[in-house]
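Chain letters run A, B, ... following the sequence lines, proteins first and then strands; every chain starts at 1. These numbers were taken from a predicted model, which means no experiment stands behind them.
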Protein chains: 2
Amino acid sequence: MGAAGRRNLPTSEELAAWRAHVETFDVVRARIESRLQQDSKLSSGDYKVLLALSEADGRTVRSSDLAAHIEWERSRLSGHLGRMEKRGLVRREPCEDDARGSHVLLTDEGARAFHASTIPHLQAIKEVFIDAFTPQQLTDLNEAAVAIRRHLDLDAP
Amino acid sequence: MGAAGRRNLPTSEELAAWRAHVETFDVVRARIESRLQQDSKLSSGDYKVLLALSEADGRTVRSSDLAAHIEWERSRLSGHLGRMEKRGLVRREPCEDDARGSHVLLTDEGARAFHASTIPHLQAIKEVFIDAFTPQQLTDLNEAAVAIRRHLDLDAP
DNA sequence: GGCAAGTGATTCACATGTCAATCAACTGAT
DNA sequence: ATCAGTTGATTGACATGTGAATCACTTGCC
């Protein structure tokens, strides 16, 4: 490869940084999810759905709105809700004003499970992730996320 | 909640930092994997397996050694190899010295696919991830990964 | 030699994710 | 009113991931 071809490739340090980042934060995520699972029998997907539902007016959301809110494919949400419904965490009811749609609603059991999970989950985030850093490092990390989002043009109008 | 209970919980800024980090780097990973898939019809799992195999002596590794090397469950590797074998990327052969074991070997087609994938894959890592940052930010990110690994006692003997 | 315990690999059941296809119900232009 | 096109939701086929169970072979110890 000539000099021209190398310019758009990472150096070995850069590549190592990428791999370290991915592998390290995979472990972080796994630890936090595993704590959630052990404390509350909830997956991170369950938690995301329950969080959105518990914040919703009347603990009810139209399925599509829910999918949009948590940025999931509708088919993904559909499958996930099916599993959560089997476990009694949510219920689905037909929608009066639009016969195609359906309302997803939080059951009492779902609300209970969610409320019991939040404090331990937030503790896990603090202990596993936040507590690893100095305030400066946390700021730096945030800057990095901002830089990526700008670079990839996320947050675009 | 009293003052004692709050000390081990993240502030809302800290929680926002966690969420931003997870969501942002999920997008990064998805972009890079999607480029790999489009350029080379390989998943990141395929790539990891092919990388390990192509670096191995004689393009052959004992299945368990491979699993240990890439830090996968053996059952995960087993299933993945099955799919890769169907696509002609690898082959498995019984092991002479230990009749329980098997050798995984890179086929010519697998080697071709891997070699064709590396440059574009590295370019994607550079363009999507590395190029988002200043050198200082990249250093900061690395420091953050080190801090986490120390905090979680990864890299322990 | 022979058996208990360990090891290598696969298999099973399941949860999770993507994408395309389906299907019914809505909506808007005519 | 009608019908093309959109939208809401589910389904199916598959890839991927985990953990437990299985099964065959190997090893260590007697």
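In this pair, B/Phe25 and B/His21 present their aromatic rings tilted. The plane angle is within the 30 to 60° band.
Using a 4.0 Å cut-off, no side-chain N or O of B/Ser64 falls inside it from OP1 or OP2 of C/dT7.
Looking at A/Thr139, its side chain does come within 3.5 Å of a backbone N or O of A/Pro135 through a donor-acceptor pair. Between the side chain of B/Asp46 and the backbone N or O of B/Ser43 there is at least one donor-acceptor pair closer than 3.5 Å.
Residue pairs meeting the side chain to side chain donor-acceptor pair (under 3.5 Å) criterion with at least one partner in residues 105-120 of chain A, sequence neighbours excluded, are A/Arg59-A/Asp108.
Per the geometry, CG belonging to A/Leu36 stands 15 Å off C1' belonging to C/dA15, to the nearest Å. Rounded to an integer number of Å, the gap from NZ of A/Lys48 to C1' of C/dT16 is 14 Å. Note: NZ (B/Lys41) to C1' (C/dC19) measures 14 Å, nearest angstrom. Here the P atom of nucleotide C/dT10 and the CG atom of B/Asp98 are 13 Å apart, to the nearest Å. In this structure, B/Glu96 places its CD atom 16 Å from P of C/dG8, rounding to the nearest Å.
Counting distance only, with no hydrogens placed and no angle test, the side-chain atoms of B/Arg100 and the base atoms of D/dT26 include no donor-acceptor pair under 3.5 Å.
A/Asp26 and A/Arg31 are not joined by a salt bridge, as no carboxylate oxygen comes within less than 4.0 angstrom of a charged side-chain nitrogen.
Under 3.5 Å, the side chains of A/Arg149 and B/Thr24 contain a donor-acceptor pair of N or O atoms.
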Inset, instruction - Heavy atoms under 4.0 Å is the rule here; annotate nucleotides 10-20 of chain D 5' to 3' with B where the base is hit, S where only the sugar-phosphate is, and - elsewhere. - result: BB---SBSSBB
